[in-house]
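Read through the structure below, which is laid out as structure tokens, and then see the notes.
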Amino acid sequence: QVQLVESGGGLVQPGGSLRLSCAVSGSTLDHYAIGWFRQAPGKEREGLSCVNSGGGSSNYGDGVKGRFTISRDTAENTVYLQMNNLKPEDTAVYFCAAGASASVQAMCVVGNLRPFHMDNWGKGILVTVSS
């Protein structure tokens with residue numbers, strides 16, 4: 001079973017940057033698609049980015065395209081989300097999640113993942129964008 005732990009969140013000013021990390025254990029990245037999701041207060045959890053087991057990726061979330069970029073370090077078994085030009089509306093709990101099925105691997109690179117597609121979740125980490 002795969003375990004996921006997010007880190008790197010916190011408070012940042014508008015226009016600033018953060019890099020979130022998702023440490024994966026119990027498996028290696030060549031077996032799972034890893035997606036980043038976020039959930040703001042009162043809103044549904046939404047998909048942002050994904051990198052699949054072959055290294056294909058998509059940065060697709062509404063309102064974050066061009067600002068957020070997913071990457072991975074297979075040697076460290078870690079997936080990252082680089083977040084630039086942060087805005088107050090980016091304030092949310094950010095989650096990484098893993099999915100192993102062939103359909104999730106494919107949807108990952110197309111960029112249409114929904115939370116119910118994923119099998120395992122981290123606990124989430126809060127990002128607050130405020131001056």
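Just so you know, residue 1 is the first one in the sequence shown, and it goes up from there.
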(request) Over 60° means perpendicular and under 30° means parallel, so classify the ring planes of W121 and F95, tilted if in between. (result) perpendicular
(request) Might you point out which heavy atoms bring G8 and L18 nearest each other, and give the distance in Å? (result) O-CD2, 3.9 Å
(request) Please step through side chain to side chain contact (heavy atoms under 4.5 Å, CB included) for the pair L20 and E6, ending with a clear verdict. (result) CA-CA 7 Å; L20 303 182; E6 303 94 341; over 6 Å; no
(request) May I have the step-by-step check of side chain to side chain contact (heavy atoms under 4.5 Å, CB included) for N59 and V64, ending in yes or no? (result) CA-CA 8 Å; N59 304 291; V64 307; over 6 Å; no
(request) Return the minimal non-hydrogen interatomic distance between A98 and V2, and the atom names on each side. (result) CB-CG1, 4.0 Å
(request) For G56 and C108, work out which heavy atoms get closest and say how close. (result) O-SG, 4.5 Å
(request) Quick one: do R67 and D90 satisfy side chain to side chain contact (heavy atoms under 4.5 Å, CB included)? Show the steps, please. (result) CA-CA 11 Å; R67 298 190 296 118; D90 296 320; 2.8 Å; yes
(request) Find the distance between CD (Q1) and CG (N120) and round it off to the nearest 0.5 Å. (result) 4.0 Å
(message) Looking at R114, is its backbone amide N or carbonyl O close enough to the side chain of H117 to form a donor-acceptor pair, meaning the two atoms are under 3.5 Å apart?
(response) yes
(request) Answer yes or no: is there a side-chain heavy-atom contact under 4.5 Å between L29 and I34? (result) yes
(request) First locate atom NE2 of H31, then atom OG of S53, and finally report the distance between them rounded to the nearest 0.5 Å. (result) 8.5 Å
(request) Please round to the nearest 0.5 Å and tell me the distance separating atom CG of L11 and atom CG of L126. (result) 9.0 Å
(message) Measuring from atom OG of S17 to atom CZ of F68, what distance do you get when rounded to the nearest 0.5 angstrom?
(response) 9.5 Å
(request) Flag yes if M107 and M118 sit in one hydrophobic cluster, no otherwise; membership is Ile, Leu, Val, Met, Phe, Trp, Tyr, and two members link when side-chain heavy atoms are under 4.5 Å apart. (result) yes
(message) Looking at T78 and A23, would you say the former's side chain and the latter's main chain have a donor-acceptor pair under 3.5 Å?
(response) no
(message) Do W36 and V129 sit in one hydrophobic cluster, given that two such residues count as connected whenever their side-chain heavy atoms are within less than 4.5 Å of each other, even indirectly?
(response) yes
(request) Check the side chains of Q3 and S25 for a donor-acceptor pair under 3.5 angstrom, ignoring hydrogens and angles. (result) yes
(message) Hydrophobic clustering (ILVMFWY, side-chain heavy atoms < 4.5 Å, transitive) - are L81 and Y60 grouped together?
(response) no
(request) Side-chain contact test, heavy atoms from C-beta onward, threshold under 4.5 Å: evaluate it for S49 versus V51 and give yes or no. (result) no
(message) Under the criterion side chain to side chain contact (heavy atoms under 4.5 Å, CB included), I'd like the reasoning laid out for I70 against V79: C-alpha separation, chi angles, the key distance, then a yes or no.
(response) CA-CA 7 Å; I70 195 168; V79 176; 3.7 Å; yes
(message) Nearest 0.5 angstrom please: Y32 OH to N52 CG, how far?
(response) 14.5 Å
(message) For the OG atom of S21 and the CG atom of L4, what is their distance to the nearest 0.5 Å?
(response) 12.5 Å
(request) Indicate, with yes or no, if V93 and V127 share a hydrophobic cluster defined by side-chain heavy-atom contacts under 4.5 Å among Ile, Leu, Val, Met, Phe, Trp and Tyr. (result) no
(request) Check whether any side-chain N or O of D119 sits under 3.5 Å from a backbone N or O of A100 as a donor-acceptor pair, and report yes or no. (result) yes
(message) With a 4.0 Å cut-off on N to O distance, would you call R38 and E46 a salt bridge?
(response) yes
(request) Would you name the heavy atoms of S58 and G111 that are closest together and state the gap between them? (result) OG-CA, 3.6 Å
(message) Test side-chain hydrogen bond (donor to acceptor under 3.5 Å, both in side chains) on T128 and S130; report intermediate values, then the result.
(response) CA-CA 6 Å; T128 302; S130 177; over 6 Å; no
(request) Establish, yes or no, whether the cationic atom of R45 lies under 6.0 Å from the six-membered ring centre of F37 and within 45° of the ring axis. (result) no
